[in-house]
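Here's the structure, in structure tokens; my notes come after.
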Amino acid sequence: MAEGEVKLEESWKFALESEFSDPYMADLKRFLVAEKQAGKRIFPKGSEYFRALDLTPLDEVKVVILGQDPYHGFGQAHGLCFSVQPGVRTPPSLVNIYKEMQSDLGIPPASHGFLEHWAEQGVLLLNSVLTVEEGKAAAHQGRGWERFTDAVIRTVNDECDGVVFILWGSYAQKKASFVDQQRHLVLKSAHPSPLSAHNGFLGSRPFSKTNEYLQSIGKDAIDWQLPENVQ
């Protein structure tokens with residue numbers, strides 16, 4: 001997966017240069033090419049594998065929200081965790097995120113699940129695995145993406161100061177367990193999935209806590225309210 005073949009924002013391309021030259025990324029690329037040649041449909045589309053990084057340059061990262069895998073239904077995934085493309089029904093976990101946002105900040109739920117407005121303000125919406133096969137959840141786990149996204153998190157940890165890491169569920173908390181809590185704020189709670197949201201996600205107030213911290217260190221708060229006119 002040579003960097004010249006991938007659309008990637010320049011600050012990330014520079015910071016992750018060693019990852020793209022490592023053999024594991026070449027192995028990952030061969031796997032993805034073979035899957036496509038076998039007629040399998042991969043989500044998101046190739047130009048959106050790194051969409052989270054493209055929208056949130058390294059020096060603009062203020063918040064990191066970690067997900068696990070892209071949505072595996074047709075037309076959903078577009079490279080940002082928890083987000084779906086305009087016109088797609090809001091997924092259950094995001095419905096609960098909106099519920100908590102309303103409880104926390106009084107912001108009514110958006111009519112869509114398109115979260116690029118957050119990403120453009122410095123919220124890195126990063127999945128651990130960046131591709132999936134249609135209809136097969138977690139189909140691309142263990143193929144190399146986890147190592148790459150570990151490097152992304154490590155880069156933010158090492159090169160940025162005062163970032164809020166929002167870690168929902170045990171998977172995200174384990175993945176980012178090395179984050180330096182002297183330099184960054186780490187917010188942990190249950191996952192917003194309907195299976196676990198009532199076990200500590202609802203009522204955790206991550207949005208107001210994030211903004212209070214950012215403002216306390218002289219950064220602008222995040223405007224969590226999503227615009228309605230998305231296409």
Side-chain angles (χ1 to χ4, degrees), residues 43-44 51-52 56 62-119 121-130 132 135-139 141 146 149 153 163-177 179 181 184-214 221-228 230:
F43 298 138
R51 185 70 171 155
T56 312
K62 292 156 69 171
V63 181
V64 177
I65 297 178
L66 289 182
Q68 194 162 349
D69 286 90
Y71 298 117
H72 56 84
F74 178 79
Q76 291 182 296
H78 64 106
L80 305 181
C81 72
F82 295 104
S83 181
V84 290
Q85 298 189 64
V88 176
R89 181 181 176 189
T90 304
S93 290
L94 188 52
V95 169
N96 283 331
I97 290 170
Y98 288 170
K99 284 181 182 177
E100 178 59 20
M101 196 161 64
Q102 183 167 23
S103 171
D104 188 9
L105 297 177
I107 296 173
S111 62
H112 59 84
F114 189 63
L115 304 181
E116 285 198 355
H117 178 63
W118 295 357
Q121 298 178 76
V123 181
L124 182 62
L125 295 165
L126 183 69
N127 275 318
S128 177
V129 178
L130 301 187
V132 72
K136 293 189 177 181
Q141 286 187 5
E146 293 94 338
T149 52
I153 299 166
V163 172
V164 182
F165 288 81
I166 300 177
L167 308 178
W168 290 327
S170 58
Y171 183 94
Q173 291 164 23
K174 182 178 179 182
K175 184 173 180 68
S177 60
V179 168
Q181 297 190 48
H184 307 290
L185 176 65
V186 176
L187 299 176
K188 301 178 183 179
S189 77
H191 195 277
S193 160
L195 298 174
S196 57
H198 290 279
N199 294 329
F201 171 75
L202 296 174
S204 62
R205 302 181 58 242
F207 307 102
S208 62
K209 289 176 181 177
T210 292
N211 281 350
E212 287 164 7
Y213 174 78
L214 291 174
I222 303 298
D223 173 19
W224 296 104
Q225 184 154 8
L226 296 164
E228 285 297 334
V230 298

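We use all heavy atoms of the structure for the numbers below, so side chains are in, but hydrogens, waters and symmetry mates are not.
- Using a 4.5 Å heavy-atom cutoff, the side chains of Asn127 and Asp69 are not in contact.
- Between the CD1 atom of Ile107 and the CH2 atom of Trp224 there is a distance of 9.0 Å, given to the nearest 0.5 Å.
- A distance of 11.5 Å separates CZ of Phe207 from CD of Gln102, quoted to the nearest 0.5 Å.
- If you run side chain to side chain contact (heavy atoms under 4.5 Å, CB included) between Trp118 and each of Val63, Val123, Leu80, only Val123 comes through.
- A donor-acceptor pair is defined here as one N or O able to donate and one able to accept, closer than 3.5 Å; such a pair exists between the side chain of Gln173 and the backbone of Leu167.
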**Request:** Check the pair Lys62 / Thr210 against side chain to side chain donor-acceptor pair (under 3.5 Å), numbers first and verdict last.
**Result:** CA-CA 9 Å; Lys62 292 156 69 171; Thr210 292; over 6 Å; no

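- For the residue pair Tyr98 and Gly113, the shortest heavy atom distance occurs at OH-CA, 3.5 Å.
- Note: Ser128 OG to Lys174 NZ = 11.0 Å, rounded to the nearest 0.5 Å.
- Side-chain contact between Asn199 and His191 is absent, with no heavy-atom pair separated by less than 4.5 Å.
- In this structure, Glu100 and Pro192 have side chains that are not in contact, with every pair of non-hydrogen atoms separated by 4.5 Å or more.
- Aromatic rings from Phe82 and Trp168 are positioned such that their centres are separated by under 6.0 Å.
- In this structure the side chain of Gln68 never reaches within 4.5 angstrom of the side chain of Glu146, judged on heavy atoms.
- Proximity of a side-chain donor or acceptor of Asn211 to a complementary backbone N or O of Ala221 within less than 3.5 Å is not detected.
- For the pair Pro194/Asn96, a side-chain contact is recorded, criterion being any heavy-atom separation below 4.5 Å from C-beta on.
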**Request:** Apply side chain to side chain contact (heavy atoms under 4.5 Å, CB included) to the pair Leu125 and Leu115, showing each step before the final yes or no.
**Result:** CA-CA 9 Å; Leu125 295 165; Leu115 304 181; 3.8 Å; yes

**Prompt:** Under the side chain to side chain contact (heavy atoms under 4.5 Å, CB included) criterion, do Gln85 and His112 qualify, and how do the steps go?
**Reply:** CA-CA 8 Å; Gln85 298 189 64; His112 59 84; over 6 Å; no

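- Rounded to the nearest 0.5 Å, atoms OG (Ser208) and CG (Asp104) are 3.5 Å apart.
- Considering only heavy atoms from C-beta on, Leu94 comes within 4.5 Å of Pro91 through its side chain.
- Here His78 pairs with Ser83 under the side chain to side chain donor-acceptor pair (under 3.5 Å) rule; sequence neighbours left out.
- Between Ile65 and Leu124, every side-chain heavy-atom pair lies at or beyond the 4.5 Å cut-off.
- Between Asp223 and His117 the shortest heavy-atom distance is OD2-NE2, 3.2 Å.
- The heavy-atom pair separating Pro86 from Phe114 by the smallest distance is CD-CD1, 3.4 Å.
- Pairing each heavy atom of Ala77 with each of Pro70, the nearest pair is CB-CB, 3.9 Å.
- Side chain of Thr56 to backbone of Ala119: a donor-acceptor contact under 3.5 angstrom is found.
- In this structure, Gln225 and Met101 have side chains that are not in contact, with every pair of non-hydrogen atoms separated by 4.5 Å or more.
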**Leu66 and Ile166: CA distance, side-chain angles, deciding distance, side chain to side chain contact (heavy atoms under 4.5 Å, CB included) verdict** = CA-CA 7 Å; Leu66 289 182; Ile166 300 177; over 6 Å; no

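- Atom OG of Ser177 sits about 11.5 Å away from atom CZ of Phe165, to the nearest 0.5 Å.
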**Request:** Test side chain to side chain contact (heavy atoms under 4.5 Å, CB included) on Leu130 and Thr149 and set out the steps.
**Result:** CA-CA 9 Å; Leu130 301 187; Thr149 52; 4.1 Å; yes

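- Neither side chain, Lys209 nor Ser204, offers a donor N or O lying under 3.5 Å from an acceptor on the other.
- Annotation: the span from Leu202 atom CG to Ser189 atom OG amounts to 9.0 Å, rounded to 0.5 Å.
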